[in-house]
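Below: the structure, in structure tokens.
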Amino acid sequence: MHPGEVIVIVLVLFAVIGTIGYALSIYNSLVALKNNISRSWANIDVLLKQRHDELPKLIKVCEGYMQHERAVFDKLSEARGALSGVKTVAQRADAENQLTRALGQFFAVAEAYPDLKANQSFLQLQNRISELENHIADRREFYNDTVTTFNTRIQQIPDMYVAGWLQLGQHDVFQVDASDRQDVGIEFKMTA
């Protein structure tokens with residue numbers, strides 16, 4: 001074999017090995033991003049479960065005080081029930097947004113009951129749910145960042161070819177409902 005032929009063969013081998021290595025690194029990073037999406041969704045799901053576990057306790061504490069506010073309890077129960085049939089992230093986001101709105105209405109109505117606002121159990125549950133809401137918001141942000149990174153990567157060359165080969169499709173971000181973007185009116189009442 002001629003030395004020039006050996007050099008060409010070695011260069012071709014390096015090019016093939018380099019291309020395979022590059023494709024494998026793209027593959028590994030896309031798999032890692034896909035798994036991060038699943039993990040970040042699972043983290044949101046854990047917090048949502050905790051919130052849903054706290055709601056019956058909150059309702060039980062409030063029912064004695066708010067006997068005339070059946071509609072508020074019904075909306076809250078209806079919102080919790082809507083979560084049972086969800087299958088996709090978009091459906092889950094819609095159902096969770098409905099629950100968040102119902103909780104907001106619930107706490108707004110609770111403001112009209114001074115004895116309830118002074119109840120230690122109510123205050124603890126209200127603080128716990130508020131804390132969970134903050135954690136959920138943080139986890140949603142992380143989830144959306146991960147999804148956005150993944151969706152961007154699978155649309156870029158050369159990653160889109162590896163993503164196509166793996167049949168990786170875009171994921172939905174967890175969006176806030178348009179009604180949740182509206183300003184909330186707050187009214188302070190002075191007591192004598």
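Hydrogens, waters and symmetry mates are skipped; everything else that's a heavy atom, side chains included, is used.
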Open item on the list: For the CG atom of Leu168 and the CZ atom of Phe150, what is their distance to the nearest 0.5 Å?
Closed with: 4.5 Å

Open item on the list: Between Gln91 (side chain only) and Thr88 (backbone N and O only), is there a donor and an acceptor less than 3.5 Å apart?
Closed with: yes

- [ ] Go through the steps to decide whether Glu141 and Asp145 satisfy the test side-chain contact (heavy atoms from CB on, under 4.5 Å), and finish with yes or no.
- [x] CA-CA 6 Å; Glu141 183 179 355; Asp145 285 346; 4.2 Å; yes

TODO: Test side-chain contact (heavy atoms from CB on, under 4.5 Å) on Leu103 and Ile129 and set out the steps.
DONE: CA-CA 9 Å; Leu103 265 174; Ile129 289 173; 3.9 Å; yes

Open item on the list: Listing request: all side chain to side chain donor-acceptor pair (under 3.5 Å) pairs with a residue in residues 43-55, at least two apart in sequence or in separate chains.
Closed with: Asp45-Arg92, Lys49-Asp53, Gln50-Arg128, Arg51-Glu96, Arg51-Thr100, Arg51-Glu133, His52-Glu96

TODO: Each residue besides Leu24 in its hydrophobic cluster should be listed here, by chain and number; the cluster joins Ile, Leu, Val, Met, Phe, Trp and Tyr at side-chain heavy-atom distances under 4.5 Å.
DONE: Val8, Val12, Val16, Ile20

Open item on the list: Testing the basics here: between Thr146 and Leu33, what is the closest heavy-atom pair and its distance to 0.1 Å?
Closed with: CG2-O, 3.9 Å

- [ ] Answer yes or no: is there a side-chain heavy-atom contact under 4.5 Å between Leu99 and Leu55?
- [x] yes

Open item on the list: Quick check on the hydrophobic clustering: are Val46 and Phe174 connected, directly or via other members, by side-chain heavy-atom contacts under 4.5 Å?
Closed with: no

Open item on the list: Hydrophobic clustering (ILVMFWY, side-chain heavy atoms < 4.5 Å, transitive) - are Leu166 and Ile26 grouped together?
Closed with: yes

Task: Spatial distance of atom CD (Glu131) from atom CG (Leu47) [nearest 0.5 Å] - done: 9.5 Å

Task: Verify same cluster id: Val31, Met160 (apolar side-chain graph, 4.5 Å) - done: no

TODO: Please tell me if the side chains of Arg39 and Phe142 come closer than 4.5 Å, counting only heavy atoms from C-beta onward.
DONE: yes

TODO: Using a 4.5 Å cut-off on heavy atoms from C-beta on, say whether the side chain of Arg139 contacts that of Ile136.
DONE: no

Task: Note, Asn36 side chain near Thr149 side chain (heavy atom, < 4.5 Å) - done: no

- [ ] Kindly say whether Ile154 contributes a backbone atom to a donor-acceptor pair with the side chain of Asp159 at under 3.5 angstrom?
- [x] no

Open item on the list: Please report the interatomic distance CG(Asn35) to OG(Ser40), rounded to the nearest 0.5 Å.
Closed with: 10.5 Å

TODO: Could you walk me through whether Ser29 and Arg153 pass the side-chain hydrogen bond (donor to acceptor under 3.5 Å, both in side chains) test, one step at a time?
DONE: CA-CA 10 Å; Ser29 65; Arg153 288 277 310 272; 2.6 Å; yes

TODO: Would you kindly confirm whether Val6 and Phe14 end up in one hydrophobic cluster when ILVMFWY residues are joined by side chain heavy atoms under 4.5 Å apart?
DONE: yes

Open item on the list: For the backbone of His171 and the side chain of Asn151, can you confirm whether one donor and one acceptor N or O come within less than 3.5 Å of each other?
Closed with: yes

